[in-house]
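Remarks on the structure that follows.
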Amino acid sequence: MTDLSMAQAVVHAAKYIGAGLAMGIGAIGPAIGEGHIGQGAMESMARQPEMVGTLTTRMLLSQAVAESTGLYALLIAFMILLI
Amino acid sequence: MKTSVKFSKNEKIFLGVFFAVYAGVALWNFDKVKFPSGVGHIWQIKVPLPSILGTLNPMTIIMTAVLLVVLIYMAIDFKKHLKKIPSRKQSAIEILLSFVYDLVKDVIPAEEFVKPVFYIATTIFLFVLSSNLLGGIPGIGIGVSSKGGLKLNLFTDTWHSPTGDLNTNVTYAVMVLFISHIFAIKRKGFKQWLKEFASPNPIMLPMNIIGEIAKPISHSLRLFGNIAGGGIMVLMLSYLVKYTFVPVILWGFFGFFVGTIQAFVFSMLAIAYIGVQLEL
């Protein structure tokens, strides 16, 4: 890490900034989506407390699907950092 | 109603030995832990084949073979001990399988395709679930050190899980794609199947084709991202606490919780993709 030329240093800095931005911006969408799913599940649980079991599994399932775009961002961030 | 948790003697001995070994290894590792430099790199060997077939991931192949043997052995053993009055294990498996069967019956519109889809979905579910769970158990693996050589990971990493490798996931996702189209041709006939691509009007033809190609990509990358990303995050976080106690919790979360949900999601999506193609 000691003998870096200016160009290499810029590339290193850009890598870290890019990975951070990719993960940070990429997490916004899934966060909003999962929040909506959780809100819907909570509302319907309050309306029908006897359905809690079914609703929880369905909620987790759809949250896992909604999470996938965030995971693409994570993969891209790791690719930028490590490769 | 039980008011307190009681352990039998064997369980106490097992837990004692487990924690003793774990504490010993943790103390032994404590001042030797370096930042995991081989993160993101896996053991690969080159074989003389054209470009894309030219590299093999030996750990994936070994672990897949071991898993298949274990699963087949367990299935044969289970079938041998089937009884009319079910034991506890048999009834647990029956509940699980009938749960999946009801799901398949709801999604698949054609009566004669329910059983084949059920077999495919449960096979995928069992394999993906057991290989995800392996990603939550500390074990022995072969990794790559910073200089490029191989190194033995002795309980500083989880078992190598086959679904943490994109090749496995793409294989299953493409398999599901082909199965869904073959079933669609069988149900609707070749002409009707071709006509579906140009529906509702021919302008949508490229959209439909892109949609079909995007299915296996998102299907496989979802599972890969969860398992591989979880593994890398566990490695980095466990370095921060020098592998003392947090890895157990993290391995539990990423391996068991996320692994179970993702295995379920993977097989549910396989059922849903096949079900969409089977609609007339």
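Chain A is the first sequence line, chain B the second, and so forth, proteins listed ahead of strands; every chain is numbered from 1.
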Is the CE atom of A:M79 crowded by more than 12 outside heavy atoms at less than 6.0 Å?
->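 Open.
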
Heavy atoms of other groups near A:K15 NZ, more than 12 under 6.0 Å |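 Yes, NZ of A:K15 has more than 12 neighbouring heavy atoms, counting only those of other groups under 6.0 Å.
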
Is [X] in contact with chain B via its backbone, its side chain, both, or neither, using a 4.5 Å heavy-atom distance?
{"X": "A:E67", "value": "side chain"}
{"X": "A:L60", "value": "both"}
{"X": "A:L75", "value": "side chain"}

Of the listed residues (A:T69, A:T57, A:L61), which shares the most heavy-atom pairs with chain B below a 4.5 Å separation?
->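 With the most close heavy-atom pairs to chain B, the winner is A:L61.
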
Check B:Q262 against A:A64 and note the closest heavy-atom contact, atom names and distance.
->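 Smallest interatomic distance, heavy atoms only, reads NE2-CB, 3.5 Å.
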
Approximate separation, where rounding is to 0.5 Å, of B:L223 CG and A:L71 CG =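 Going from CG on B:L223 over to CG on A:L71, the span is 10.0 Å.
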
For the atom pair CE (B:M268) and OG (A:S62), what is the distance rounded to the nearest 0.5 Å?
->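 Here the interatomic distance stands at 10.5 Å.
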
Could you look at B:F266 and say if it's the side chain, the backbone, both or neither that has a heavy atom under 4.5 Å from chain A?
->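 Neither the backbone nor the side chain of B:F266 comes within 4.5 Å of chain A.
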
